[in-house]
Amino acid sequence: MSGPIGATVLGYPRIGPRRELKKALEAYWKGASSADELAQVAADLRARTYRELAGLDSQPISGSYYDHVLDVTAMVDAVPPRFRPHGRREGTALDEYFAMARGTATAAPLEMTKWFDTNYHYLVPEIGPDTPLRLADETPVERVREAVAAGVTAPRPALVGPVTYLLLAKAADEAPEGFSPLARLDELVEVYAQLLAKLADAGAAWVQLEESAFVADRGDEELAALRRAHDRLSGTPDRPRILVTFSYGDPGPALDEVADSRVDGIALDLVTAPQLADRVPALPALREKTVVAGLVDGRNVWRADLAGALSRAATLLGSVGDLAVSTSCSLLHVPYDVTVESTLDPTVVARLAFARQKLDEVVTLGEALRSGTRPSDAAGSAAVAVDEAVRARVAAVAPGDRERPEYLVRAKAQQERLGLPPLPTTTIGSFPQTPNVRRTRADWANGRIDDAEYTRRMRSEIERVIRLQEAIGLDVLVHGEPERNDMVQYFADNLPGFATTELGWVQSYGSRCVRPPILHGDVSRPEPITVDWARYAQSLSSKPVKGMLTGPVTILAWSFVRDDQPLGRTADQVALALRDEIADLEAAGIGIVQVDEAALRELLPPRRADWAAYLDWAVGSFRLATGGASEETQVHTHLCYSEFGDVIDAIDGLDADVTTIEAARSRMEVLADLEAIGYSRGVGPGVYDIHSPRVPEREEIAALIAEAQRVVPGDRLWVNPDCGLKTRGYEEVEATLRAMVEAARAARLRHRGTRR
């Protein structure tokens, strides 16, 4: 008989406290290490995790080489045909797995998009009527056996649930029109049923199935599918107990469906959706089940109010069969350990809890719940830094501060100033960051070179990038951003109200990690941040050079943000700082300013009813940042991997003169959304997927441009990559940009011919 869940977490960081897995992956991809060496690094990290989770009553078991959704794709053999020829090394599907994630010279990778409203990216499964669905990979079973051998007493394998997996999938290209991946549910559930039996035999007391797709709006058919799937899995003989988890929001009617099913436990996110605590007593079926109360925030870094969390937990006693406590979601979204940070202000540290500290919080809650004692904690004891001038400036913002002259007036003034050809070519901002560039930043940060030498080296790199772009033939240039470690952290380092970490790494996707800044107080901009670099770059060329800024929503989305005031108010503080920067860029002679809002879709609440309130402040903050720009200054924005159709009206509402947007990996799907709303400003749907190392042929790029021309007139169509080039190498970047410029020039000739 399996024991209670007790105190637990729903997942743990897997990249390594010092990004050990990232380094091992990249060495393997470069051919510098073997599959066995990669496997050893991953095994060592899992062993470390088992030790760190030892204080919990139940331990989640996972560990992925790249992405937990991709793991299920490999497990059930749902591999698209284009990846089948890529071979299996040493008896595993490792190369095939990485081909799906990264693509190959001949096969485009799976589409990548955001995991709910987080900054984590998952690989979108492609499911058709004939996609294989079978238990082809028993890695979860092997992980349980490994954990048991390591002394883990209550291993709980964590997997994406079958219904969520199919709801997050897309129809394969060869699928007939109108096909839904959910049509394959019954077959997939049988695969999961086989897996459950094997997991029980391996020693799993519980299995955790993530069904968070239901924190978004779902119809009756999808709700019925959820109930059907879990009734079938619950009927599997000799299975582990089943814990269905709903993270990132309120599951709404899905909670009723699962409560009435035969699953054994349900995990609820009481941080994002505290109202769920009031629903539990109204569901009699929960009196026979384990309810895991997600009381410690798994997505932010602030210390928990343990006394308040215990009070919420206590209201559930008597309404459930067994009460457990946990994090609100996996700790995948936070750094490892705040105690290794040596440069953070102690008054900020006093308010922080990273993954290791959140384990302690959960254990403390569990002990307090069992003993009936009140936990002691000092959460919130450190005061938030207040800047009265900043608050007064935000309070004085008027509606007109968020408005510019109408687009047609701006477009005419901008064309007179810039004189750009039809289908102008550009890049999104960053260029590859070479070891020399990274070494220069490190030398400067560590005092090995002085400011003058740092500036000299950075100017040399900027000049090299400008000359390269001119040689390639790009129409609008960028300075390449060699001085920036990260598009958000760079601004956080220069804006009071933010703190940055040394080792606060969080996985974004695959081997890509970021260090989200900590926005802990009021934000201001005491002096220019980007102006000197932009001015110098523009002095090197007669072609326009873009000033490059990160937008307020994206800065918030990719930071850990204070929770003591509404997000919209914090966004306006950041927007006013950016507004000042734009004014100084204009004064320095910069005619194009790009304000990236890569994460606009990312913060969109799961429930449609909450969208309007979010988009109102999100769009408003961007317009506050850009509303002071003159009509002849061309304002660009950029958006990354997302379901753009959900926010297409908001993209229009940003009122940017040019919007560049991911489109290559999703095969220009965004064009239909643009066409549907009659989008009438400049747009650059990306023609080069920079998240894959493959170099597309000129003909492939030309086909994407032609597809875009069907919807966007050439005088409003831009040609550009999907995203910044920071993570790529120069050899592949140069080859692709030359092919892109050649394809754009050919399309430009066709455009001019049709106009005549």
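Residues take their numbers from the sequence shown, with the count starting at 1. Since the structure is predicted, the reported quantities are computational estimates derived from the model, not experimental observations. Every heavy atom of this structure was used, including side-chain atoms; hydrogens, water molecules and symmetry mates were not.
- For the residue pair Thr637 and Gln594, no side-chain donor N or O sits within less than 3.5 Å of a side-chain acceptor on the partner.
- Taking CG from Leu540 and CD from Gln469, the interatomic distance works out to 11.0 Å, rounded to the nearest 0.5 Å.
- With Val595 as the partner, the side-chain contact (heavy atoms from CB on, under 4.5 Å) test is satisfied by one option alone out of Leu654, Ile582, Thr550, Thr554: Ile582.
- Here the CG-CG distance, from Leu717 to Leu423, works out to 4.5 Å after rounding to the nearest 0.5 Å.
- Side-chain contact check for Trp558 versus Pro516: every heavy-atom pair is 4.5 Å or farther apart.
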Do any side-chain atoms of residues 413-420 form donor-acceptor pairs under 3.5 angstrom with protein atoms, and if so which ones, sequence neighbours left out?
from: Gln414; atom 1: OE1; to: Gln634; atom 2: NE2; distance (Å): 3.4
from: Gln414; atom 1: NE2; to: Glu631; atom 2: O; distance (Å): 3.1
from: Gln414; atom 1: NE2; to: Thr633; atom 2: O; distance (Å): 3.2
from: Gln414; atom 1: NE2; to: Asp657; atom 2: OD1; distance (Å): 3.4
from: Gln414; atom 1: NE2; to: Asp657; atom 2: OD2; distance (Å): 3.0
from: Gln415; atom 1: NE2; to: Leu420; atom 2: O; distance (Å): 2.9

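- Between Glu403 and Arg623, at least one side-chain nitrogen of the basic residue sits less than 4.0 Å from a carboxylate oxygen of the acidic one, meeting the salt-bridge criterion.
- Looking at Val465 and His479, their side chains never come closer than 4.5 Å, going by heavy atoms from C-beta outward.
- For the residue pair Trp444/Asp451, the side-chain donor-acceptor check at 3.5 Å is satisfied.
- Atom CG in Leu110 sits 11.0 Å away from atom OG in Ser692 (nearest 0.5 Å).
- Atom CZ of residue Phe98 and atom OG1 of residue Thr104 lie 14.5 Å apart, to the nearest 0.5 angstrom.
- Remark: the backbone N or O of Gly510 is not paired with any side-chain donor or acceptor of Lys22 at under 3.5 angstrom.
- Contact check for Lys114 versus Thr118: no side-chain heavy atoms found under the 4.5 Å cut-off.
- The minimum heavy-atom distance linking Tyr28 with Ser33 is given by the pair N-OG, 3.3 Å.
- Tyr679 and Asp673 are not linked by any side-chain donor-acceptor pair at a separation below 3.5 angstrom, with hydrogens and angles left out of the test.
- Among Arg441, Glu461, Lys726, Arg438, the one residue that satisfies the side-chain hydrogen bond (donor to acceptor under 3.5 Å, both in side chains) test with Gln433 is Arg441.
- Side-chain polar atoms of Tyr509 and Asn119 form no donor-acceptor pair below 3.5 angstrom.
- Thr659 and His638 share no side-chain donor-acceptor pair at under 3.5 Å.
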